[in-house]
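We use all heavy atoms of the structure for the numbers below, so side chains are in, but hydrogens, waters and symmetry mates are not. The sequence lines fix the lettering, A, B, ..., with proteins before strands; numbering per chain opens at 1.
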Amino acid sequence: MNNNIGNGISRQDAYEKVRGVAGYTHDVVLPGMLHSCVLRSPYAHAKVVSIDTTAAEALPGVYAVGTYKNTSSRLFNASGVMAFLAPDLNPVLDQVIFTDCPRYIGDEIAGIAAETEEIAQHALRLIKVKYKKLPTVFDPLEALESNAPLLHPHISSCNTPGGVYTVNQGDVATGFQECDVVFEGKYKLPIQKQAQLETQAAVADFRRSGELIVYSSTQSTHPTRIILAHIFDMDQSKVRVLNPKYVGGAFGVRIGMSGKAEAIAAALSKLAGRPVQTVYSREEDFMASDSRHSGYVSVKLGAKKDGTFHALDIHAVLNTGAYTTYGIEVGIVLGNLATSVYRMPHIHYDGRVVYTNILTAGAFRGFGNPQGTFALEAAVDGIAKMLHKDPLELRLQNIVCDGDVWPLAYPCRASGLGECLSKAAKGIDWKQHGKFDAVGRFRRGIGISSGTHLCGTASSACAVLRLEFDGSLQIATGTSDIGTGNMTAFQQIAADLVGIPLERTYVMWSDTDNTPYDIGAHSSRCLYSIGLALEDASHKMKEKILDYAAEMLEESPKQLRVEQGVIRGGNREITVTELADHAHRREIQFVTRGFPRNNGFTATWHAVAADVEIDTYTGVVNVLKIVAAHDIGKAINPVSVEGQIEGGIVQGLGYALREEMTIQADGRPYNTSYHTYMLPTIGDIPEMEIQLVECPDPSGPLGAKGTGESGMVSTAAAIAAAVEDAIGVRPQEIPMTPERILKILKD
Amino acid sequence: MQEHTDILRFIINGREIYTQAPHDMMLSDFLRDQLFLTGTKKGCGKGECGACTVIVNGDAVNSCMILLGKVNGAIIETIEGLEKDGKLHPLQESFVQKGAVQCGFCTPGMIMSAKALLDRNDNPSKEEIREALGGNICRCTGYVKIEQAVEAAVEEIRKNAGKETKDE
Ligand code: FES
Ligand code: FES
């Protein structure tokens, strides 16, 4: 039956994409559509004393000017937390569409809708705003000081939305006393930007009938609908949010709204009475949509003489910028994942995310985990050094195994981490570790990192299957496909489990009007969560088909098989097409609805090894090879899985070596273009070897789990380990730029 | 905006196009907004990402940096023109087959950069491929499968060329 599952069949969406006929939000044109632009604050913290829009409004071709005065002032949170925090937690609502109290350079002050973008830009320059500057703070440690300016006093009296999150197991104080060696380190992490190719975008049509239709680049249409209905105080059922049908990358930057594009377009459309398109420029995308959290992570790791880990204490202070969005959860995930890789009787973590006057940090592939992993893995290598142990052996000795006690709410169900470590070590030729000559201009080194990530949540997933009159199968799920290939994987699963050819399946792309509720494409969850729902719906569909066929063929359903669209039993057969036609003509329809059989998370595992060469004259770190071994449970589409891991690795490579948004003295980010923000290009790509480890997870669909994020998690840690092997010092800060490496070499 | 009334003429994907569009309009905007050839993407509008790459008189260019008036009379190829008689170009086919497409936003630009290379060099080295695609950013794939796809297309094109010579 399995001729699709497990095969690297071609992505179905790729055919449209290579022909240039794939539609994205940037491409949407509606009759009468206006164009928009946004006035952004030039100050990092200020109060709008007065705003005069008369000249802008008077400009011919201008249809609407929106400010805090004439648009919704309801507080919201632009991220998906509006839809899926645990029932007992309330999302922090600290944003409005247009503000009179900008808290970072780029904050939205006003929006214009006009016939053309040129007119809108012209009108923007006619708006007169008087600001009163307020005191600013840009560093999270400074923002925690008692005299620091408060960004949202009504939410936190110490700039920490969400307070302090802790993880506790055993008693670390006693634990450290019982250790023979203790390593301590403090690490500084940069602001990394998703820099997805399609900038934030939306086209909103606020109809006079009271309905709101929004084409959006979001990775979660249903949660975006919830946010919009909240902002405009309307029934969710009157709001339709859809991807049209493709999204040009996301990586976490648009779980919930695409920046604020949907809200801005909708507010302006409401004022103008015409559809409005809002497309962020690349500069706006950089300066005014969520980034990865920068900040500080310190680690204290203690072990016994024989290498057994005994106590772990991690402390994180993350810069969440001007608004909360996905701040609190990032601090939680960092702590949970950094404390669940190694077996450890005594654990403490405390983490806080801190408001400052810079761009907001939110969700980005890895979601706190790359930061924690970078610090934790440095400590593991630190202990190895102190005990003169092989770092690989030390890891194999201490990694968690099935059934181990750990602080997480979901169990450790299956783990191929040991196999991942062995495979990564083999691929990188681990026996060279510690053996390279420490002389000459060029120094080689190899390093390894273990890692985990989560996938889920499985709750809030649903799949609806409909067998059409002609025997083709429609698959409806409420999630997006942001480029990861989940829609093709859905077709593979449904085709095989129902028993019809893949070409006869069709997936609905995310549209709140005709797909069931789902929280969207993120958290490495599509294949896992919706896959589970689909598995359930497919089994039910097959059962319905066989029951009906049993009557037609006068056989017991148990005697029947359905494969490739043909139902066979005894010596008779009919096609699913014939069956569907027969049933529909008798007013019988086949629709099934499936849900996940569990509602939590599960863990994925991986190991990454890196081989680097450092030019000690220039400080350039040249990555020669990366080997990544990932336990993904079961590869439904191995080519897609490899693609996810390769893409994640290269984002990790950028994180390790080059990518960083730096903040200037006035709070303005220096890097707001592709020219100044150094993304990896094709010339930077090292040799890469991807190894798939398939250790079936009993909680996943067909044993599978998601791997959208895991490629990103450990790459920087592995490269830093290799750098340490090459030059004897572990960099405490990324990216490991030539300047930083030269500084290490000089000291 | 400059007003120009003189008519511009192009051959776009083999079809003759006359337009009164302003000479200072960017080629990318003309293709997208006036001809609805939205396969040409815009990732930056500043010549920094390559998503808007099209082929003008045989050269791969960033169409967001090209003023319409400067390329009057040009022969222009966009991603929409590659498929012939319902058959994908070998580059399109290999991008699909090799899994070189994820979100797809960089894909048209990548394919056009690669096509300009293959049109003039049917046996490029790895370095030449990397150089030709060096201005095209992809944030999804990590480039591994893109490079493999171009290499596979080279092979396919050479194989077909071999066949044609034999047939003659
Ligand atoms: S859009 Fe032209 S180079 Fe980026
Ligand atoms: S496939 Fe998304 S940017 Fe290349």
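- In this structure, Lys115(B) places its NZ atom where more than 12 heavy-atom neighbours from other residues, nucleotides or ligands lie under 6.0 Å away.
- Between chain B and the residues Val639(A), Asp27(A), Val650(A), the largest count of heavy-atom pairs under 4.5 Å involves Asp27(A).
- Within a 6.0 Å radius of CD in Glu131(B), other residues, nucleotides and ligands contribute 12 heavy atoms or fewer.
- Heavy atoms closer than 4.5 Å to chain B are found in both the backbone and the side chain of Gln644(A).
- With a 4.5 Å cut-off on non-hydrogen atoms, Glu80(B) touches chain A through its backbone and its side chain both.
- Remark: Cys44(B) SG to Phe286(A) CZ distance equals 10.0 Å, nearest 0.5 Å.
- With respect to Glu198(A) and Lys41(B), no salt bridge is recorded, no charged nitrogen being found less than 4.0 Å from a carboxylate O.
- In this structure a side-chain-to-backbone donor-acceptor pair under 3.5 Å is missing from Arg282(A) to Gly45(B).
- A donor-acceptor pair shorter than 3.5 Å cannot be found between the side chains of Thr141(B) and Glu646(A).
- Of the two parts of Val247(A), only the backbone, made up of N, CA, C and O, holds a non-hydrogen atom closer than 4.5 Å to a non-hydrogen atom of chain B.
- Taking CD1 of Ile482(A) as the start and CD of Gln102(B) as the end, the distance is 10.0 Å to the nearest 0.5 Å.
- Most heavy-atom pairs under 4.5 Å with chain B: of the set Thr199(A), Asp481(A), Leu679(A), this distinction falls to Leu679(A).
- For Val144(B) against Met688(A), the heavy-atom pair with the smallest separation is CG2-CE, 3.4 Å.
- A salt bridge links Glu659(A) with Arg139(B): at least one charged nitrogen is closer than 4.0 Å to a carboxylate oxygen.
- Within the 4.5 Å cutoff, side-chain heavy atoms of Glu147(B) are placed close to those of Ile682(A).
- Counting non-hydrogen atoms of other residues, nucleotides and ligands closer than 6.0 Å to CD of Glu155(B) gives a total of 12 or fewer.
- A salt bridge between Lys145(B) and Glu642(A) is present, with a side-chain N of the basic residue lying under 4.0 Å from a carboxylate O of the acidic one.
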* Quick one: do Ile685(A) and Arg130(B) satisfy side chain to side chain contact (heavy atoms under 4.5 Å, CB included)? Show the steps, please. => CA-CA 10 Å; Ile685(A) 304 310; Arg130(B) 285 189 166 206; 3.8 Å; yes
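- Residue Lys46(B) does not touch chain A at all, counting heavy-atom pairs closer than 4.5 Å.
- For a residue to count as touching a neighbouring chain, one of its non-hydrogen atoms must lie under 4.5 Å from one of that chain's; by this rule Ala195(A) touches chain B with backbone and side chain alike.
- Contacts between Asp285(A) and chain B at a heavy-atom distance below 4.5 Å are absent for every atom of the residue.
- Shown here is Glu117(A), whose CD atom has no more than 12 heavy atoms of other residues, nucleotides or ligands within 6.0 Å.
- When each of Val101(B), Ile129(B), Ile146(B) is scored by its heavy-atom pairs under 4.5 Å with chain A, the top score falls to Val101(B).
- The two residues Leu197(A) and Ala51(B) have their closest heavy-atom pair at CD1-CB, 4.0 Å.
- Two residues are said to be in side-chain contact when any heavy atoms from C-beta on lie closer than 4.5 Å; Val18(A) and Glu93(B) fail this criterion.
- Heavy-atom pairs under 4.5 Å with chain A were tallied for Gly134(B), Gly39(B), Pro108(B), Cys140(B); the largest tally goes to Cys140(B).
- A donor-acceptor pair under 3.5 Å is absent between the side-chain atoms of Tyr143(B) and the main chain of Asp684(A), judged by distance alone.
- Taking CZ of Arg19(A) as the start and CD1 of Ile111(B) as the end, the distance is 11.5 Å to the nearest 0.5 Å.
- For a residue to count as touching a neighbouring chain, one of its non-hydrogen atoms must lie under 4.5 Å from one of that chain's; by this rule Thr681(A) touches chain B with backbone and side chain alike.
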* Evaluate side chain to side chain contact (heavy atoms under 4.5 Å, CB included) for Cys103(B) paired with Gln196(A), printing each intermediate quantity in order. => CA-CA 9 Å; Cys103(B) 83; Gln196(A) 77 295 339; over 6 Å; no
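- For Ile137(B), the parts sitting under 4.5 Å from any heavy atom of chain A are the backbone and the side chain alike.
- Proximity of His26(A) to Phe105(B): side-chain heavy atoms (C-beta onward) are separated by under 4.5 Å at one or more points.
- The side-chain heavy atoms of Ser673(A) and Glu48(B), taken from C-beta on, include a pair separated by under 4.5 Å.
- Contacts between Leu88(B) and chain A at a heavy-atom distance below 4.5 Å involve the side chain alone, from C-beta outward.
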